[in-house]
Number of protein chains: 2
Amino acid sequence: MKSSVEKVFLDYMHDNGLSMTPQRKLIVETFLETEGHFSAETLWSIVRERVSDVGQATVYRTLKILVDSGLADCFDLGDGVSLYEHAYGHEHHDHLVCMQCGAKVEIFDQTIENRQEEVAGRFGFELTRHRMYLFGLCPKCQKEKA
Amino acid sequence: MKSSVEKVFLDYMHDNGLSMTPQRKLIVETFLETEGHFSAETLWSIVRERVSDVGQATVYRTLKILVDSGLADCFDLGDGVSLYEHAYGHEHHDHLVCMQCGAKVEIFDQTIENRQEEVAGRFGFELTRHRMYLFGLCPKCQKEKA
DNA sequence: CATTTAATTGCAATTGGTTTTCAGTATCGC
DNA sequence: GCGATACTGAAAACCAATTGCAATTAAATG
Ligand SMILES: [Zn+2]
Ligand SMILES: [Zn+2]
Ligand SMILES: [Zn+2]
Ligand SMILES: [Zn+2]
């Protein structure tokens with residue numbers, strides 16, 4: 001039985017005249033099995049543990065498809081490295097990041113989300129999306145510092 | 001009479017063993033006279049209208065000093081280009097950006113700021129800073145689209 | 001003011017993540 | 001199968017930003 005995610009991906013592929021290839025299959029499977037927030041480089045290294053001759057460009061190209069199809073979300077914390085995470089079946093969330101150890105906590109606050117809409121509306125803007133990153137020290141790194 | 005901003009800058013320079021040079025003076029003055037949100041490249045082009053042989057690297061290096069001294073704030077909207085704006089005497093604010101025309105509105109909402117602290121606290125984090133960008137369509141671009 | 005030392009400059013080369021080019025190869029609808 | 005189209009890996013290109021370097025300049029000291 002085909003999972004729901006796979007169906008969404010295959011439909012997107014078909015609807016856009018894209019072909020399924022062994023490389024894409026491998027990359028998509030690896031992406032879906034990898035939890036958390038990771039870079040293209042990291043995904044590439046995991047993929048290569050399985051099949052060694054997958055090109056880096058193919059990983060980037062497939063990640064683009066994953067984002068476009070709604071399976072992946074891409075964001076960057078301001079250091080020039082794009083991070084990817086699962087988007088299908090995952091509700092919207094923002095991130096709380098430890099500047100010391102890099103730990104990332106997924107956060108969501110309906111009050112903030114509502115206020116964002118309201119503030120945008122105050123200026124006549126129609127809001128499409130937003131990004132919010134909170135940076136600080138996680139409990140563990142606070143202790144280590146003290 | 002020396003302005004307060006200039007004093008802060010010169011003090012920072014002196015306290016860190018940095019020298020004042022004609023190039024730095026020009027770049028800082030140009031920065032202070034330029035309002036809004038602009039890239040290093042843009043600032044460089046304005047600087048070169050005044051003195052043609054200022055190096056690009058010097059602009060980047062001086063912008064770094066401006067950020068470190070608290071005169072400038074640097075952020076990027078996710079497209080890989082750093083934008084700079086005045087920070088001295090400017091209260092913290094976030095940005096509302098039109099994805100069509102690039103218009104940027106400075107926003108501030110105390111409720112959001114409070115909630116950010118609260119959410120971080122919920123996970124034991126000590127919050128240091130945050131970035132929030134709201135993307136959408138400004139009133140003008142909405143009309144043009146309809 | 002001259003001297004000395006450390007900082008700064010412009011240029012060009014380099015970096016690092018990401019994208020593009022290209023010639024060969026594989027996929028898909030028929 | 002077959003042909004049109006899409007995909008691949010490798011390498012080159014991109015591009016904002018940084019860095020190495022030799023020449024120049026600021027500024028602290030006497
Ligand atoms: Zn949110
Ligand atoms: Zn996440
Ligand atoms: Zn804010
Ligand atoms: Zn601003």
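Values in this document were obtained by computation on a predicted structure and should not be read as measured data. Proteins come first, then strands; the chains are lettered A, B, ... in the order of their sequence lines, and each starts at number 1. Only this structure's heavy atoms are used, side chains among them; waters, hydrogens and symmetry mates stay out.
Comparing C:dT18, D:dA11, D:dA17 against the side chain of B:S82 picks out D:dA17 as the nearest.
Other residues, nucleotides and ligands contribute at most 12 non-hydrogen atoms within 6.0 Å of the CD atom of A:E91.
Between the C1' atom of D:dA27 and the CG atom of B:D15 lies a distance of 16 Å, rounded to the nearest Å. Distance B:D76 CG to D:dA17 P: 8 Å, rounded to the nearest Å. Rounding to whole angstrom units, CG of residue A:D53 and P of C:dT25 are separated by 14 Å. For the pair B:L66 CG and D:dA17 P, the interatomic distance rounds to 15 Å; values are reported in whole Å. One can place CG of B:L83 at 12 Å from P of D:dA16, the figure rounded to the nearest angstrom. Between B:W44 atom CH2 and D:dC15 atom P the separation is 15 Å, expressed in whole Å. A:M13 has its CE atom 10 Å from the C1' atom of D:dC7, to the nearest Å. With rounding to whole Å, B:D79 atom CG is found 18 Å from C:dG17 atom P.
The stretch residues 20-42 of chain A comes close to DNA chain D through A:T21, A:Q23, A:R24, each having a heavy atom under 4.0 Å from the strand.
Each of B:H130, B:E117, B:R131 was checked for a side-chain contact (heavy atoms from CB on, under 4.5 Å) with A:L134, and the lone residue meeting it is B:H130. If you run ring pair (Phe, Tyr, Trp, His ring centres under 6.0 Å) between B:F31 and each of B:F38, B:W44, B:Y84, B:F9, only B:F38 comes through.
OP1 and OP2 of C:dC28 both lie 4.0 Å or more from every side-chain N or O belonging to A:H14. A close approach under 4.0 Å does occur between a side-chain nitrogen or oxygen of A:Y60 and OP1 or OP2 of C:dT18. Contact check, A:S19 against C:dA26: no side-chain N or O comes under 4.0 Å of OP1 or OP2.
Nearest-nucleotide assignment on DNA chain D puts the 5′-proximal partner with A:N16, out of B:K64 and A:N16.
A donor atom on one side chain and an acceptor atom on the other are not found under 3.5 Å apart for A:S45 and A:T42. Inspection of the A:H93 and A:E85 side chains reveals an N or O donor paired with an N or O acceptor under 3.5 Å. Under the 3.5 Å distance criterion, with hydrogens and angles disregarded, no donor-acceptor pair is assigned to the side chains of B:N114 and B:E118.
B:R129 forms a cation-pi arrangement with A:F135, by the criterion of a distance under 6.0 Å to the ring centre and an angle within 45° of the ring axis.
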